[in-house]
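To keep things clear, I will list the structure first and then write my remarks on it.
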Amino acid sequence: MPRLSEVIAALETLWPAERAESWDAVGTVVGDPDQEVTRVLFAVDPVQEIVDEAVKLGAGLLVTHHPLYLRGTTTVAATHFKGRVVHTLIKHDIALHVAHTNADTADPGVSDALAGALDLRVTGPLVPDPTDPEGRRGLGRVCALDHPLTVRELAARAAERLPATAQGIRVAGDPEALVRTVAVSGGSGDSLFDHVRAAGVDAFLTADLRHHPAAEFLADRAHSPLALLDAAHWATEWPWCELAASQLDEISDRHGWDLRVHVSKTVTDPWTAHAASTTSDPLGAPN
């Protein structure tokens with residue numbers, strides 16, 4: 001069985017820490033480099049539910065997309081939920097490793113997994129990494145559909161293919177407009193609107209779209225008569241867990257490690273229910 005240090009070294013070849021954004025907190029958070037690892041669990045969020053799942057599974061390593069500590073802290077006391085996570089991990093000899101923005105821009109990365117889940121053909125990055133001479137790494141992906149779909153049909157495909165959440169898929173724009181090309185970005189994507197305009201796509205699927213940026217983007221019809229599809233943040237990033245697990249499986253086979261690699265199916269999206277509007281008033285808002 002490999003030591004933790006060997007598995008982490010392999011993961012660093014997939015998602016080098018130096019490719020993370022300067023504000024990010026990636027890498028190994030908890031773990032003894034010399035401990036042996038037999039099982040690995042991939043998940044989006046390093047929350048207590050996931051750590052408890054790792055304990056039950058007997059995992060020696062938990063790999064998450066989101067950091068546990070994105071900002072500095074002065075305590076890991078178990079009186080706080082993040083401290084309880086650290087205590088549980090250490091008590092059960094479970095290491096925690098984070099791949100965040102370095103996985104977003106990887107080739108393949110988070111948005112490749114999102115495109116794959118939606119059966120979209122990736123043609124290139126939305127925001128190319130200038131350090132990649134092959135032009136494959138970068139943030140987001142520009143994709144083509146094998147045959148055109150309406151915005152409504154594309155939203156239905158996303159709702160069917162992505163993990164179910166209370167939010168589902170929100171749409172802004174003409175539901176009957178045809179989509180031949182689409183940009184996708186796992187996680188929060190409204191900071192990428194300028195790049196989406198420049199890509200000349202018909203639609204943009206991402207998460208965490210806010211009222212004002214989305215409204216202003218859509219109001220600029222002269223430059224961007226396209227649709228926005230807004231999915232739950234967790235749902236757009238969960239497909240990466242399956243991609244990452246398959247990558248580690250391949251590495252394990254190559255090295256003869258016989259690791260058992262698992263993907264958590266626990267939904268850690270914070271939203272738990274959705275009540276659809278029922279008003280028939282076209283003005284929508286109450287008096």
What are the two closest non-hydrogen atoms of [X] and [Y], and how far apart are they?
{"X": "Pro125", "Y": "Gly138", "answer": "CB-CA, 4.0 Å"}
{"X": "Arg141", "Y": "Ala106", "answer": "NH2-O, 2.8 Å"}
{"X": "Val37", "Y": "Val40", "answer": "CG1-CG2, 3.8 Å"}
{"X": "Gly31", "Y": "Ala95", "answer": "CA-CB, 3.8 Å"}
{"X": "Leu226", "Y": "Ala203", "answer": "CB-N, 4.1 Å"}
{"X": "Leu178", "Y": "Pro148", "answer": "CD2-CB, 4.3 Å"}

In the structure I gave you, are the side-chain heavy atoms of Thr150 and Pro175 within less than 4.5 Å of one another anywhere?
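A side-chain contact is absent here, since even the closest heavy-atom pair is not under 4.5 Å.
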
Close side-chain approach of Leu4 to Asp32, heavy-atom, < 4.5 Å:
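Side-chain contact under 4.5 Å: no.
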
In Å, rounded to the nearest 0.5 Å, how long is the span from [atom1] of [X] to [atom2] of [Y]?
{"X": "Leu126", "Y": "Cys143", "atom1": "CG", "atom2": "SG", "value": "9.5 Å"}
{"X": "Asp202", "Y": "Asp174", "atom1": "CG", "atom2": "CG", "value": "12.0 Å"}
{"X": "Leu120", "Y": "Asp112", "atom1": "CG", "atom2": "CG", "value": "11.0 Å"}
{"X": "His262", "Y": "Asp249", "atom1": "NE2", "atom2": "CG", "value": "9.5 Å"}
{"X": "Asp45", "Y": "Thr266", "atom1": "CG", "atom2": "OG1", "value": "10.5 Å"}
{"X": "Arg84", "Y": "Lys91", "atom1": "CZ", "atom2": "NZ", "value": "11.5 Å"}

From CA spacing to verdict: side chain to side chain contact (heavy atoms under 4.5 Å, CB included), Leu11, Leu248
CA-CA 8 Å; Leu11 297 182; Leu248 182 56; 4.0 Å; yes

Any side-chain donor paired with an acceptor under 3.5 Å for [X] and [Y]?
{"X": "Thr131", "Y": "Arg19", "value": "no"}
{"X": "Gln48", "Y": "Thr88", "value": "yes"}
{"X": "Thr105", "Y": "Asp129", "value": "no"}

Would you list the pairs meeting ring-ring contact (aromatic ring centres under 6.0 Å, His included) in which at least one residue belongs to residues 171-209, sequence neighbours left out?
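Those involving residues 171-209 are Phe193-Phe217.
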
Do any pairs count as a ring-ring contact (aromatic ring centres under 6.0 Å, His included) and have a residue in residues 33-66, sequence neighbours left out, and if so which ones?
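Non-adjacent pairs meeting ring-ring contact (aromatic ring centres under 6.0 Å, His included): His65-His100, His65-Trp240, His66-His100, His66-His233.
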
Hey, quick one: are [X] and [Y] part of the same hydrophobic cluster, counting side-chain heavy atoms closer than 4.5 Å, chains of contacts allowed?
{"X": "Leu205", "Y": "Val171", "answer": "yes"}
{"X": "Leu57", "Y": "Val261", "answer": "no"}
{"X": "Val201", "Y": "Leu228", "answer": "yes"}
{"X": "Leu154", "Y": "Val122", "answer": "no"}
{"X": "Leu41", "Y": "Ile90", "answer": "yes"}

If a pair satisfies salt bridge (Lys or Arg N to Asp or Glu O under 4.0 Å) and one of its residues is in residues 227-242, list it, with sequence neighbours excluded.
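Every pair satisfying salt bridge (Lys or Arg N to Asp or Glu O under 4.0 Å) with a residue in residues 227-242: Arg170-Asp230.
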
For [Y], is there any backbone N or O sitting under 3.5 Å from a side-chain donor or acceptor partner on [X]?
{"X": "Thr236", "Y": "Thr206", "answer": "no"}
{"X": "Asp24", "Y": "Thr101", "answer": "yes"}
{"X": "Asp190", "Y": "Leu209", "answer": "no"}
{"X": "Ser252", "Y": "Leu259", "answer": "yes"}
{"X": "Ser188", "Y": "Ala207", "answer": "no"}
{"X": "His80", "Y": "Lys82", "answer": "yes"}
{"X": "His87", "Y": "Val76", "answer": "yes"}
{"X": "Asp132", "Y": "Arg137", "answer": "yes"}
{"X": "Arg152", "Y": "Leu149", "answer": "no"}

Candidate list Asp269, Val263, Leu162, Val267, test side chain to side chain contact (heavy atoms under 4.5 Å, CB included), partner Trp238, passing option:
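Among Asp269, Val263, Leu162, Val267, the one that satisfies the side chain to side chain contact (heavy atoms under 4.5 Å, CB included) with Trp238 is Val263.
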
Between Leu68 and Val98, does a side chain to side chain contact (heavy atoms under 4.5 Å, CB included) hold up when you go through it step by step?
CA-CA 8 Å; Leu68 178 62; Val98 173; 5.5 Å; no

Other residues, nucleotides, ligands: >12 heavy atoms within 6.0 Å of [X] [atom1]:
{"X": "Arg180", "atom1": "CZ", "answer": "no"}
{"X": "Arg136", "atom1": "CZ", "answer": "no"}
{"X": "Glu134", "atom1": "CD", "answer": "no"}

Answer yes when Glu250 and Arg254 have at least one side-chain N-carboxylate O distance shorter than 4.0 Å, and no when they do not.
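Yes, charged N to carboxylate O under 4.0 Å.
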
Could you walk me through whether Leu118 and Val182 pass side chain to side chain contact (heavy atoms under 4.5 Å, CB included), step by step?
CA-CA 11 Å; Leu118 300 176; Val182 56; over 6 Å; no

Are Ser111 and Leu139 close enough, and set up right, to give a side chain to side chain contact (heavy atoms under 4.5 Å, CB included), and what steps lead you there?
CA-CA 8 Å; Ser111 292; Leu139 194 60; 5.9 Å; no

